[in-house]
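What follows is a short report on a single structure.
All ligand and atom numbering here is 1-based and tracks the order in the structure.
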Amino acid sequence: MIVETKPHSLLVVGSVGLDDVETRAGKRSAVLGGAASYFSVAASFLAPPRMVAVVGTDFPAQHTALFEKHGVDLAGLERVPGETFRWSGVYSPDFVNRTTIETRLNVFSDFRPKLPAGWGASDLVFLANIDPQLQFNVLEQAGKPKFVACDTMNFWISGRRPELLRLLERVDMLLLNDEEARQLSGEANLPAAARSIRAMGPSAVIIKRGDAGALLFHEAGVFSAPAFPIENVVDPTGAGDSFAGGFMGWLARAGSTSPQSIRTAMILGSVLASFAVEDFSLDRFRTLDLSEIRERFAAFVDLVHFEKIRL
Ligand code: AMP
């Protein structure tokens with residue numbers, strides 16, 4: 001990966017929490033989870049992110065140590081009295097459907113994010129999955145970022161729709177899964193859903209389709225990134241956030257948001273997501289190194305490469 005331009009700074013706000021997860025491969029309770037956790041650690045392989053979030057006094061120090069080990073700047077991670085965000089979910093045996101058993105916002109209910117000095121000038125901002133009101137608060141404190149991307153989910157699309165719509169007017173790119181794109185737009189067809197969402201504000205939309213990959217709709221047309229075929233999927237939790245981490249991490253490292261950089265970012269997003277699902281929680285990232293990322297990136301090039309022929 002050769003990069004010649006000056007890297008961009010990267011800020012993320014989103015959930016940091018403890019998850020209870022059950023998949024065909026097993027069960028884990030109170031493991032590290034949260035959209036901002038997956039995002040930050042995935043991004044850290046490409047560029048150091050700045051994290052804005054809150055945890056309670058029950059948040060284990062070993063998790064903070066993992067973020068630090070990965071060079072995540074924690075000046076915006078508050079620790080307050082109370083319980084950390086909790087989420088629990090169960091996956092169908094084919095990993096296609098996920099049922100949320102419980103979401104407890106806990107310390108996120110009263111969270112008022114305050115950006116540390118200097119962070120308002122961050123070049124790239126990622127509003128990872130959390131209450132759109134909190135995403136908005138962070139955006140208001142950020143000066144004029146070069147690029148703002150945002151993720152959301154069914155929980156907020158149904159529960160905080162007006163706040164989400166107000167936020168979307170100020171976002172450059174929205175990432176969401178196919179079911180959420182249909183829910184937000186009211187359109188069953190994905191290109192139609194993307195067109196309707198682009199009319200809400202974001203000039204680009206990425207629709208994540210699990211093991212069917214991700215589709216980017218933007219000014220330059222449509223681009224498709226496959227999901228890497230993984231034989232041993234263990235836990236799909238955080239795949240979307242890890243995709244976003246790889247995606248934004250590349251834009252930060254490349255110092256560019258050009259259409260070409262965005263295509264490369266889609267592939268690096270798919271690379272990081274493909275590792276995230278190989279183990280529970282963020283466990284695969286604990287042993288992951290840059291050489292494995294390079295190898296899988298090369299495997300992606302082979303996966304999608306085909307000859308241009310004249311018919
Ligand atoms: P993903 O699988 O990419 O959708 O992300 C899963 C992560 O999102 C889990 O680790 C959860 O802790 C977190 N999460 C689940 N529901 C919410 C929610 N309503 N708001 C914010 N984060 C959530």
Tell me which protein heavy atom sits closest to [atom], plus the residue, atom name and distance to 0.1 Å.
atom                    : value
atom 10 (O) of ligand 1 : Asp19 OD2, 2.5 Å
atom 21 (C) of ligand 1 : Asn129 O, 3.2 Å
atom 8 (O) of ligand 1  : Ala35 N, 4.0 Å
atom 5 (O) of ligand 1  : Asp241 OD2, 2.7 Å
atom 22 (N) of ligand 1 : Ser15 OG, 2.8 Å
atom 17 (C) of ligand 1 : Met153 SD, 3.4 Å

Check whether Leu215 and Val96 end up in the same hydrophobic cluster, where Ile, Leu, Val, Met, Phe, Trp and Tyr are linked by side-chain heavy atoms less than 4.5 Å apart.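 Different clusters: Leu215 never reaches Val96 through Ile, Leu, Val, Met, Phe, Trp or Tyr contacts under 4.5 Å.
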
State plainly whether one hydrophobic cluster holds both Phe95 and Ile101, where clusters connect Ile, Leu, Val, Met, Phe, Trp and Tyr through side-chain heavy atoms under 4.5 angstrom apart. no

Options Phe155, Trp87, Trp156, Tyr38, ranked by nearest heavy atom to atom 20 (N) of ligand 1, top entry: Trp156

Under 4.0 Å from a heavy atom of Gly33: which atoms of ligand 1 are those, numbered in the order shown and with their elements? 10 (O)

Interfacing atoms of ligand 1 (cut-off 4.0 Å, heavy-atom, Gly238): 1 (P), 2 (O), 3 (O), 5 (O), 6 (C)

Does even one non-hydrogen atom of Arg98 get within less than 4.0 Å of ligand 1? yes

At the 4.0 Å heavy-atom cut-off, does Phe243 count as touching ligand 1? no

Could you go step by step and tell me if His63 and Phe67 meet the ring pair (Phe, Tyr, Trp, His ring centres under 6.0 Å) rule? CA-CA 7 Å; His63 298 335; Phe67 295 144; 7.7 Å; no

Do the side chains of Asn129 and Gln135 get nearer than 4.5 Å, heavy atoms only?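 SC-SC contact between Gln135 and Asn129 ruled out.
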
To check you understand the geometry: which heavy-atom pair defines the closest contact between Met51 and Ser40, and what is its length? CE-OG, 3.5 Å

Separation between CZ of Arg296 and CZ of Phe275, rounded to the nearest 0.5 Å: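 So the CZ of Arg296 and the CZ of Phe275 are separated by 4.0 Å.
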
Considering residues, nucleotides and ligands other than Asp289, do more than 12 of their heavy atoms fall under 6.0 Å from its CG?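 Yes, because the 6.0 Å sphere around CG of Asp289 holds more than 12 heavy atoms from other groups.
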
Is it the case that atom CZ in Arg195 sees more than 12 heavy atoms from other parts of the structure closer than 6.0 Å? no

Taking non-hydrogen atoms only, is Thr237 closer than 4.0 angstrom to ligand 1 via side chain, backbone, both or neither?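 Under 4.0 Å from ligand 1, Thr237 contributes backbone and side-chain atoms.
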
